[in-house]
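Working notes, beginning with the structure itself.
Note that the coordinates shown come from a computational prediction; the quantities given were computed from them, not determined experimentally. So that the names make sense, note that chain A is the first sequence line, chain B the second, and so on, each numbered from 1.
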Amino acid sequence: MQVTGTVLTTRRVDAYHALTVVAPGIAERFRPGHFVSVSVGGANTAMVTRRAFYVHDVKPEYGGTVELVFSAGGPGTAWLAERRARDTIDLVGPLGRPFPLPRDPVHCVLVGSEYGSAVLFPLADALAERGCRVDFVLGAASADRVFGAMRARRMAERATVTLTTEDGSLGVRGTVSDALPAVVAGTRADVVYACGPMRTLRAVTAVAIEADIPVQVAVEESMACGIGICMTCVLPVIGDDGVTRMTRACAEGPVFRGERVRFEDVGTIPFDALGAPGGGARHVS
Amino acid sequence: MQVTGTVLTTRRVDAYHALTVVAPGIAERFRPGHFVSVSVGGANTAMVTRRAFYVHDVKPEYGGTVELVFSAGGPGTAWLAERRARDTIDLVGPLGRPFPLPRDPVHCVLVGSEYGSAVLFPLADALAERGCRVDFVLGAASADRVFGAMRARRMAERATVTLTTEDGSLGVRGTVSDALPAVVAGTRADVVYACGPMRTLRAVTAVAIEADIPVQVAVEESMACGIGICMTCVLPVIGDDGVTRMTRACAEGPVFRGERVRFEDVGTIPFDALGAPGGGARHVS
Amino acid sequence: MSVDMRTFLGHVELANPITTAAGCAASGRELAQFFDLHRLGALVTRSITMAPRAGRPTPRMAETPAGLLNAVGLQGPGVDAFLERELPWLAQRGIKTIVSIGGGTVAEYAALARRLADAPGVTAVEVNLSCPNIEDRGRVFAREGGAAAEVIASVRSVMRYDVPVIAKLAPDVADIAAVARACVDAGADALSMINNPLGMSIDTVTLKPALAAVTGGLSGPAILPLAVRCVWQVHSALPGTPIIGVGGVMTGADAFQLILAGACAVGVGTALFHDPYACLRIERELEDLLRARGFQRLADAVGLAHRPPGSAARHLHEESSL
Amino acid sequence: MSVDMRTFLGHVELANPITTAAGCAASGRELAQFFDLHRLGALVTRSITMAPRAGRPTPRMAETPAGLLNAVGLQGPGVDAFLERELPWLAQRGIKTIVSIGGGTVAEYAALARRLADAPGVTAVEVNLSCPNIEDRGRVFAREGGAAAEVIASVRSVMRYDVPVIAKLAPDVADIAAVARACVDAGADALSMINNPLGMSIDTVTLKPALAAVTGGLSGPAILPLAVRCVWQVHSALPGTPIIGVGGVMTGADAFQLILAGACAVGVGTALFHDPYACLRIERELEDLLRARGFQRLADAVGLAHRPPGSAARHLHEESSL
Ligand SMILES: Cc1cc2nc3c(=O)[nH]c(=O)nc-3n(C[C@H](O)[C@H](O)[C@H](O)COP(=O)(O)OP(=O)(O)OC[C@H]3O[C@@H](n4cnc5c(N)ncnc54)[C@H](O)[C@@H]3O)c2cc1C
Ligand SMILES: Cc1cc2nc3c(=O)[nH]c(=O)nc-3n(C[C@H](O)[C@H](O)[C@H](O)COP(=O)(O)OP(=O)(O)OC[C@H]3O[C@@H](n4cnc5c(N)ncnc54)[C@H](O)[C@@H]3O)c2cc1C
Ligand SMILES: Cc1cc2nc3c(=O)[nH]c(=O)nc-3n(C[C@H](O)[C@H](O)[C@H](O)COP(=O)(O)O)c2cc1C
Ligand SMILES: Cc1cc2nc3c(=O)[nH]c(=O)nc-3n(C[C@H](O)[C@H](O)[C@H](O)COP(=O)(O)O)c2cc1C
Ligand code: FES
Ligand code: FES
């Protein structure tokens with residue numbers, strides 16, 4: 001659904017901006033892993049596409065608020081970073097297929113890289129509600145880009161929080177996937193959930209496959225629509241029938257089973273994908 | 001020159017918005033009749049052209065401020081109307097050729113229609129400084145669109161202020177040009193200055209010609225650049241040599257001697273204009 | 001007072017002039033989550049191809065000033081799956097459906113048309129001529145009147161007489177009216193324009209093309225003035241031919257421009273990516289504009305800018321800006 | 001560390017790659033009030049015609065999303081007045097001046113070239129091919145390779161060998177590389193692209209075309225992706241020919257896109273209307289970008305996106321977005 005939300009608060013969290021927006025309809029329908037798309041630039045802007053953001057937090061205040069966490073890079077996120085309390089922003093959401101939740105109280109490791117960590121907290125809450133044990137591995141290039149360390153520590157009373165930075169400025173030097181095998185082994189994890197850049201998800205998936213446990217990854221692909229109609233956000237994913245299809249990250253994802261995503265082929269059309277040029281199917285261009 | 005000016009105050013004046021902007025360089029060089037062009041829409045806007053505005057007032061505060069008075073119509077002026085104190089706006093100016101001032105302390109009638117009246121006040125100050133008598137004829141469609149009546153009354157202690165509205169809601173029912181002949185006769189005016197829509201300037205010029213006194217008009221043409229390089233703001237004006245040229249309102253104007261402007265031919269290329277198709281000159285399209 | 005918004009493509013009546021643009025509404029189901037598709041004048045499908053197509057590699061999109069570049073590459077399920085799963089879903093619901101088709105040879109277009117000829121629920125066929133002709137070194141059909149006409153003739157000869165064939169034209173030509181005329185002479189019942197002009201963007205950080213496919217189609221508000229001009233020129237040349245105006249329509253006023261230029265229906269593409277409800281909003285805004293200007297029927301506004309009220313038809317140089 | 005910004009059009013050296021775009025700097029004096037014209041790579045004049053021209057009626061401009069439509073109609077003083085008053089002013093100051101010319105017949109272009117042949121201060125001649133050919137029912141020269149080539153050949157034959165002749169191309173064609181090749185074969189030393197694609201806007205209040213001339217040329221950021229694509233295609237086809245990239249350049253990054261696509265110089269038009277200092281700013285931004293990416297010479301960046309570092313030349317479908 002489309003909602004004109006009022007900004008309630010804005011704050012800086014290390015390298016990130018956090019925006020809490022009153023958006024009752026979206027908050028109500030939200031499940032962990034959902035994302036929203038935001039119209040940027042205001043009236044008469046030259047920016048025609050929305051920007052996608054994971055929902056970090058949902059609170060019941062004012063009928064329902066959602067919090068977005070983002071880093072200001074290009075012009076759209078820069079515009080969003082300038083929003084102030086009482087400004088309105090136009091949201092569409094909740095979008096995508098959320099994380100599937102286990103029925104049983106299993107052991108879960110949640111792996112987040114950079115702002116990808118943001119999406120893990122509502123997931124952790126939902127898992128905890130089901131009696132799951134939740135351990136965190138959070139990382140980034142540098143300390144100021146590791147998101148949610150404090151909150152993770154607060155949540156994970158009976159569990160562990162592992163932090164990694166590539167420059168060693170916080171926690172273990174290295175990446176989340178470097179640290180993951182030990183955490184999986186140490187916590188006797190039953191499942192891994194991960195969000196972050198594609199290369200992180202690829203490495204995390206490899207760790208989970210190695211440990212022979214399922215892994216759910218929330219991916220990020222350039223999206224022009226976020227609602228499944230533009231076909232720009234595709235990546236090669238293996239279906240239940242074993243066939244690889246160019247699959248929409250927004251509509252069929254953003255959450256996929258890690259081992260189904262052909263990470264090494266992202267950015268290509270694998271020769272054996274359904275409808276690949278030369279792959280049995282005739283092609284017109 | 002180009003100046004990033006800080007908005008000092010914003011206010012509503014009946015149907016108009018008034019914006020005072022700190023712009024020292026422009027204020028310093030300003031002469032009555034100058035205009036400025038304002039970049040609208042902010043970063044990443046889809047609006048590529050500046051908007052032109054007459055300078056209503058110049059004050060020495062903060063090194064020099066300029067005041068613009070405008071009606072919010074299209075998207076650019078709507079954006080400008082949303083500016084608040086402390087916002088910055090990007091101005092280029094002062095632009096155009098200002099009103100020529102008489103050397104002697106003559107009798108002047110200043111005629112303004114709608115926001116066109118705004119430009120007359122700095123002119124009136126300059127004329128008063130030279131000992132000229134300044135009478136006003138200010139008009140608009142309705143009372144809320146007559147700009148500057150109070151200020152004119154305050155200035156014109158020893159002179160007259162005539163107000164006109166087409167709906168009769170203030171002053172005399174009719175247009176400024178309807179009221180002008182009586183004022184010209186009554187004040188024994190030596191010169192008329194006018195600003196307003198083209199049809200007003202045409203009628204005012206006719207009155208001045210009839211009264212056999214000079215008239216200076218400040219025109220308004222759609223402008224893409226305001227600095228003489230795009231050639232979009234032209235109107236047919238008769239030169240000193242008697243030849244009609246398509247003349248730039250921004251660079252050669254906006255102030256012209258009324259009788260030199262071929263008002264009835266605005267929006268056309270008069271057949272006898274220099275370089276007119278068929279007018280002696282070969283044309284390529 | 002409500003405005004009569006009905007419009008006609010040949011003898012097919014649409015309840016209102018606003019359609020989706022080809023390739024911008026996936027299978028229809030995605031948008032159905034947001035609104036009732038019956039409220040569309042018609043749904044135009046993505047361009048259906050014979051075989052399933054995986055499309056182009058990513059990145060497939062890049063934002064440009066007031067525009068969007070895309071290189072999706074006609075990703076789609078192929079005609080079999082379309083006829084099995086997508087079209088019946090639309091047909092069962094009675095949603096007016098214009099099926100877009102794309103091919104690499106004249107024969108492929110004809111074969112597609114044959115597959116559609118007996119399928120229930122095909123309101124009209126739109127022929128996407130912006131496909132490379134693999135028998136002519138990849139030259140796009142729409143860029144050459146002769147090739148475009150051949151495709152249209154072959155499709156027209158196969159389709160039932162009561163299913164209009166719409167030729168979708170591209171702006172990257174020297175004389176769009178000539179291509180349009182060739183298509184109409186070959187049997188096109190209506191025209192749709194414009195498809196995306198070819199554009200490109202280079203990433204100044206990686207120093208490489210922003211799209212994996214290097215070039216892509218430009219869409220969005222940036223191209224509205226090109227669409228208005230193309231519709232104007234073609235309506236001037238072929239005043240009797242119905243035109244679906246497409247390109248950069250974000251508001252009712254944009255749609256109104258295309259209608260005043262000569263379109264009797266208006267396709268909405270990129271706007272849907274920004275606003276899933278765009279078609280409904282635009283339809284409402286258009287109706288409001290028409291009402292405010294005293295129109296009782298949409299039809300009275302079609303092409304009206306060619307005949308300004310109170311003046312004789314104008315003869316103007318239209319070929320050059322210079 | 002400063003970047004070597006020099007560039008060459010044939011054997012003419014420009015101190016930096018940023019020029020004004022034809023018709024966007026009037027006589028030069030207007031901009032001289034804002035900055036020293038010597039800081040331009042070159043000043044490109046408006047298109048000079050044989051006779052004085054009054055141009056088109058107003059309104060001559062309309063704003064569009066991220067764009068501007070203009071229909072000025074080559075208003076200008078004619079070649080006599082140009083040679084008497086405008087060129088000497090520039091020549092005396094030693095400002096590198098590329099003179100643009102426009103005509104209605106091949107003979108008129110040739111006559112203009114003859115008038116320029118002996119004039120001092122002509123750095124190069126740019127042939128504006130977006131003029132209607134009055135001998136071919138007003139068809140614009142740039143839309144037909146043969147007509148364009150004829151003009152170029154006639155101008156080339158008249159100009160001194162050391163004055164480069166630049167063909168200015170329009171994007172409204174099916175195959176810009178073919179037109180470019182025809183011009184180069186006819187003797188063009190360099191190419192400039194793109195001139196304005198033809199667009200149109202309709203005023204939805206008056207229900208009439210927004211421009212008195214009905215259609216007009218589209219410029220500004222909206223057309224940058226078309227310009228990048230045209231430069232890319234032509235540089236692919238003719239890698240040895242210098243190209244002045246023009247169209248929608250507002251920032252150094254925009255200019256950098258055109259350079260990576262294959263332009264060795266960049267013209268700035270509409271940006272000047274918004275920012276009189278645009279050329280200087282863009283030059284500075286471009287130099288900063290080049291420096292930040294480790295370039296020591298502008299020349300090393302020209303066309304670089306065709307040869308991405310660390311990969312073999314790519315062979316990609318470029319003809320279609322689909
Ligand atoms: C499902 C999903 C969830 C996301 N969640 C977050 C989040 O919680 N916090 C956060 O900081 N970022 C998130 N992103 C990335 C975010 O969408 C981009 O950083 C943002 O769109 C960039 O916009 P820009 O104006 O700064 O950059 P620009 O480069 O100007 O963007 C231009 C265009 O490219 C698209 N684009 C560019 N980079 C990306 C990207 N990395 N991913 C997707 N589209 C991109 C934009 O949507 C826009 O259409 C998410 C992306 C996806 C797909
Ligand atoms: C020398 C001069 C002085 C002016 N002074 C004032 C003033 O003091 N107060 C005031 O309210 N208005 C003034 N105007 C008119 C003002 O420039 C327009 O109202 C304004 O540009 C419209 O912008 P918009 O975004 O609201 O409309 P839009 O219709 O979106 O404008 C689109 C484009 O058309 C141009 N345009 C549209 N209408 C006009 C117009 N009437 N005149 C010139 N260009 C136009 C705009 O500059 C813009 O490029 C002046 C115009 C000129 C030429
Ligand atoms: C992502 C995308 C996919 C498209 N796919 C098709 C297609 O399959 N067939 C077709 O004829 N046009 C296709 N188009 C072109 C649109 O139908 C439309 O002509 C063009 O985008 C201009 O309209 P817009 O600016 O409203 O998007 C596509 C456009 C986009 C943006
Ligand atoms: C107002 C205006 C006048 C122009 N006059 C000419 C001209 O005389 N000759 C020419 O070759 N191009 C002319 N052009 C085209 C520009 O040189 C340039 O090719 C085009 O505008 C694209 O660049 P831009 O987006 O930077 O403006 C003109 C463009 C504009 C906007
Ligand atoms: S973003 Fe449009 S289909 Fe996924
Ligand atoms: S506004 Fe550009 S020349 Fe006057």
Side-chain angles (χ1 to χ4, degrees), chain B residues 1-2 37-41 44-51 73-76 90 92-93 95 198 221-236 243-251 265-285, chain D residues 20 23-31 33-34 46-47 49-68 70-78 102-105 108 131-134 138 140 212-213 219-222 250 269-277:
Chain B
M1 64 184 302
Q2 188 162 14
S37 70
V38 180
S39 167
V40 293
N44 298 104
T45 179
M47 294 186 275
V48 299
T49 58
R50 289 172 174 267
R51 272 43 177 181
D90 167 351
V92 170
L95 297 171
M198 220 48 108
E221 262 293 346
S222 274
M223 292 184 176
C225 79
I227 58 170
I229 59 174
C230 76
M231 309 302 287
T232 63
C233 64
V234 298
L235 68 176
V243 176
T244 297
R245 292 181 181 78
M246 297 310 293
T247 305
R248 293 166 299 185
C250 68
D265 295 322
V266 167
T268 72
I269 306 292
F271 76 95
D272 57 345
L274 181 68
R282 290 251 314 285
H283 67 295
V284 295
S285 80
Chain D
T20 59
C24 299
S27 72
R29 283 179 235 209
E30 294 80 358
L31 284 179
Q33 302 179 299
F34 291 93
R46 48 181 146 211
S47 291
T49 52
M50 278 308 271
R53 278 171 63 94
R56 301 290 196 136
T58 54
R60 289 180 170 184
M61 65 152 284
E63 204 178 47
T64 68
L68 175 71
N70 85 81
V72 167
L74 296 192
Q75 177 172 349
T105 60
E108 194 169 342
C131 297
N133 182 346
I134 54 184
V140 170
S219 67
M250 304 299 273
T270 302
L272 285 167
F273 304 165
H274 191 268
D275 171 6
Y277 304 94

Is any NZ, NE, NH1 or NH2 atom of the basic residue among R51(B) and E63(D) found under 4.0 Å from an Asp or Glu carboxylate oxygen of the other?
yes
Would you sort out whether M231(B) and R46(D) count as a side-chain contact (heavy atoms from CB on, under 4.5 Å), showing the intermediate values?
CA-CA 11 Å; M231(B) 309 302 287; R46(D) 48 181 146 211; 4.0 Å; yes
Which one wins on heavy-atom pair count under 4.5 Å against chain B: C24(D), G220(D), S219(D)?
C24(D)
So for [X], is it side chain, backbone, both, or neither that comes closer than 4.5 Å to the heavy atoms of chain D?
X	answer
A251(B)	neither
V92(B)	side chain
T268(B)	backbone

For Q2(B) and P276(D), which heavy atoms make the closest approach, and how far apart are they?
OE1-CD, 4.2 Å
What heavy-atom pair brings V48(B) and H274(D) nearest, and what distance separates the two atoms?
O-CD2, 3.3 Å
Using a cut-off of under 4.5 Å for heavy-atom pairs, which of T49(B), D90(B), T244(B) has the most such pairs with chain D?
T49(B)
Portion of T64(D) that has a non-hydrogen atom of chain B nearer than 4.5 angstrom:
backbone
Is it the backbone or the side chain of R29(D) that comes under 4.5 Å from a heavy atom of chain B, or both, or neither?
neither
Taking side-chain hydrogen bond (donor to acceptor under 3.5 Å, both in side chains) as the definition, give me every residue that meets it alongside S47(D), ordered by chain and number, with sequence neighbours left out.
S100(D), N128(D)
Under the salt bridge (Lys or Arg N to Asp or Glu O under 4.0 Å) test, residues paired with R60(D) that sit two or more places apart
none
Pairwise distance CZ(R245(B)) to CD(Q75(D)) - rounded to 0.5 angstrom:
11.0 Å
